[in-house]
Number of protein chains: 2
Amino acid sequence: MNTINRMDIDQLATSQLNSINQRYTTNRRKIIGILQEATKPITINQILESNSDLAQSSVYRNLAVLEQAGLVVRIITNEDHAHYELAEHILDHHHHIICSPCGEILDFHLSAKIEKALEESLQKIADEFGFSIDRHRLDLLGTCGDCTE
Amino acid sequence: MNTINRMDIDQLATSQLNSINQRYTTNRRKIIGILQEATKPITINQILESNSDLAQSSVYRNLAVLEQAGLVVRIITNEDHAHYELAEHILDHHHHIICSPCGEILDFHLSAKIEKALEESLQKIADEFGFSIDRHRLDLLGTCGDCTE
DNA sequence: GTAATAATGAGAATCATTCTTATTATAGGA
DNA sequence: TCCTATAATAAGAATGATTCTCATTATTAC
């Protein structure tokens, strides 16, 4: 998991940003770096805390650009703040386990077998509805060990 | 699906609201009725459009109460507005297919077999993470037929 | 280098949602 | 049936995450 290294990410980022006529600037590189180190989805406040050089408005703007470029995914939960993480072709396909009390989000993987069976079912369903699928997401909502105590 | 009738819902609503010391008022009954007729998750604006008697602030407040009572579920997507629908013990367990361009949300059902396999996998994963599961949600994101044309 | 264009950052603006408060409705006891 | 205590309502104000504006700074192409 996440065997892709920094050099490869930079190359990917440059090429995907270029394809939408955007540059891979210093700020964008910083944000990608912070997301890569985070190993789990984080909020904009957490990004700002890890690098005080970044302006809030720039982080909002750049995350939107990085999302358009397909490099970053925005995760919406019932929390006040959105969470962000690197796109699945950089990490790998996975799902989220969310602690409702504290808002923490962690990644998990389904077994290849279940994942495949699920994808086949979903494709059939999309066909029935006349939808073209972009992606699916599966969240597990509950309470983490720390919040139970 | 959704074989429960209005009388049963009213009874359920009364009992679940009472258990958190809340009343099943006229406004709350109206909101439940609108959600039942909608057959798919709708926004607060859509609720206000179906009944001009309701004050916006009351709808917000009452949906929060109905959600606490476990009668209503709030659905968050990337859209600006949250969507609401009746809880799964009133409808039945299902998932959502979401059109990203227009924001429409429809319900779908997984085959019992896949659903069961999935739930078993998720239980194992929750155990590994030391989480207690509340529920899971599965969304299919894509583009509906109308938005493709 | 220089001009043209894009990105930045500070703060203002937006807008869904939540909060406040005076008014109205409801339930339970006398 | 009337009181009284308490809950719900509705109108608008307040909040706060996110988006927008625009003057300044950086980058690219020639």
Side-chain angles (χ1 to χ4, degrees), chain A residues 10 13-35 41-69 71-85 103 105, chain B residues 10 13-35 41-69 71-85 103 105:
Chain A
D10 285 342
T14 305
S15 115
Q16 289 185 229
L17 282 166
N18 284 346
S19 74
I20 59 166
N21 297 314
Q22 296 281 357
R23 299 171 184 162
Y24 191 36
T25 64
T26 311
N27 276 357
R28 290 171 190 171
R29 194 171 190 282
K30 279 184 193 166
I31 292 171
I32 291 283
I34 292 169
L35 291 178
I42 56 177
T43 64
I44 284 182
N45 283 344
Q46 290 174 306
I47 292 174
L48 292 171
E49 283 162 16
S50 6
N51 188 318
S52 50
D53 292 348
L54 293 166
Q56 190 193 49
S57 58
S58 297
V59 175
Y60 270 103
R61 184 166 14 78
N62 284 322
L63 282 170
V65 170
L66 292 170
E67 197 186 10
Q68 275 175 54
L71 291 163
V72 161
V73 176
R74 179 188 199 180
I75 300 161
I76 307 281
T77 63
N78 288 301
E79 283 284 291
D80 285 341
H81 299 71
H83 290 243
Y84 293 85
E85 74 176 348
I105 305 180
Chain B
D10 286 342
T14 305
S15 115
Q16 289 185 227
L17 283 166
N18 283 345
S19 75
I20 59 165
N21 297 314
Q22 296 281 356
R23 299 173 184 160
Y24 191 36
T25 63
T26 311
N27 277 355
R28 292 173 188 169
R29 194 170 190 281
K30 279 185 192 166
I31 292 172
I32 291 283
I34 292 169
L35 291 177
I42 56 176
T43 64
I44 283 182
N45 284 342
Q46 289 173 309
I47 292 174
L48 291 171
E49 282 161 16
S50 11
N51 188 319
S52 50
D53 292 347
L54 292 167
Q56 190 193 47
S57 58
S58 297
V59 176
Y60 271 103
R61 186 175 8 81
N62 283 323
L63 282 171
V65 170
L66 292 170
E67 198 187 8
Q68 278 174 52
L71 292 162
V72 160
V73 176
R74 178 189 199 178
I75 300 161
I76 307 282
T77 64
N78 289 299
E79 285 283 291
D80 284 342
H81 300 72
H83 289 243
Y84 293 83
E85 74 177 349
I105 306 180

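In what follows, chains carry the letters A, B, and so on, assigned in the order in which the sequence lines appear, proteins first and then strands, with residues in each chain numbered from 1.
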If the condition is side chain to side chain donor-acceptor pair (under 3.5 Å), which residues does A/R29 pass it with, not counting sequence neighbours?
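With neighbours one apart ignored, the set is A/D10.
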Decide yes or no on side chain to side chain contact (heavy atoms under 4.5 Å, CB included) for B/I47 and B/L35, but give the supporting numbers first.
CA-CA 8 Å; B/I47 292 174; B/L35 291 177; 4.1 Å; yes
Atom of [X], atom of [Y] and distance for their closest heavy-atom approach:
X: B/P41; Y: B/E85; answer: CG-OE1, 3.4 Å
X: B/L17; Y: B/A69; answer: CD2-CB, 3.8 Å
X: A/S50; Y: A/Q46; answer: OG-O, 2.7 Å
X: A/A82; Y: A/R74; answer: CB-NE, 3.7 Å

Check for a donor-acceptor pair, side chain of B/R28 on one end and backbone N or O of B/R23 on the other, with a separation under 3.5 Å.
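Side chain of B/R28 to backbone of B/R23, a donor-acceptor pair under 3.5 Å: yes, one is there.
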Applying a 4.0 Å non-hydrogen cut-off, can you work out what A/N62 is touching in the nucleic acid: base, sugar-phosphate, or nothing?
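Touches sugar-phosphate only.
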Which letter, B, S or -, goes with each nucleotide of nucleotides 13-30 of chain D from 5' to 3', with contact meaning a protein heavy atom under 4.0 Å?
----SBBB------SS--
Please list, in 5' to 3' order, the outermost nucleotides of DNA chain C lying under 4.0 Å from any heavy atom of chain A.
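Range of nucleotides within reach of chain A: C/dA6 to C/dG11.
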Passes side chain to side chain contact (heavy atoms under 4.5 Å, CB included), A/V72 versus A/I31? Steps please.
CA-CA 10 Å; A/V72 161; A/I31 292 171; 5.7 Å; no
Side-chain N or O of B/N27 closer than 4.0 Å to phosphate OP1/OP2 of D/dA10:
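Answer yes for this pair, as a side-chain N or O of B/N27 is under 4.0 Å from OP1 or OP2.
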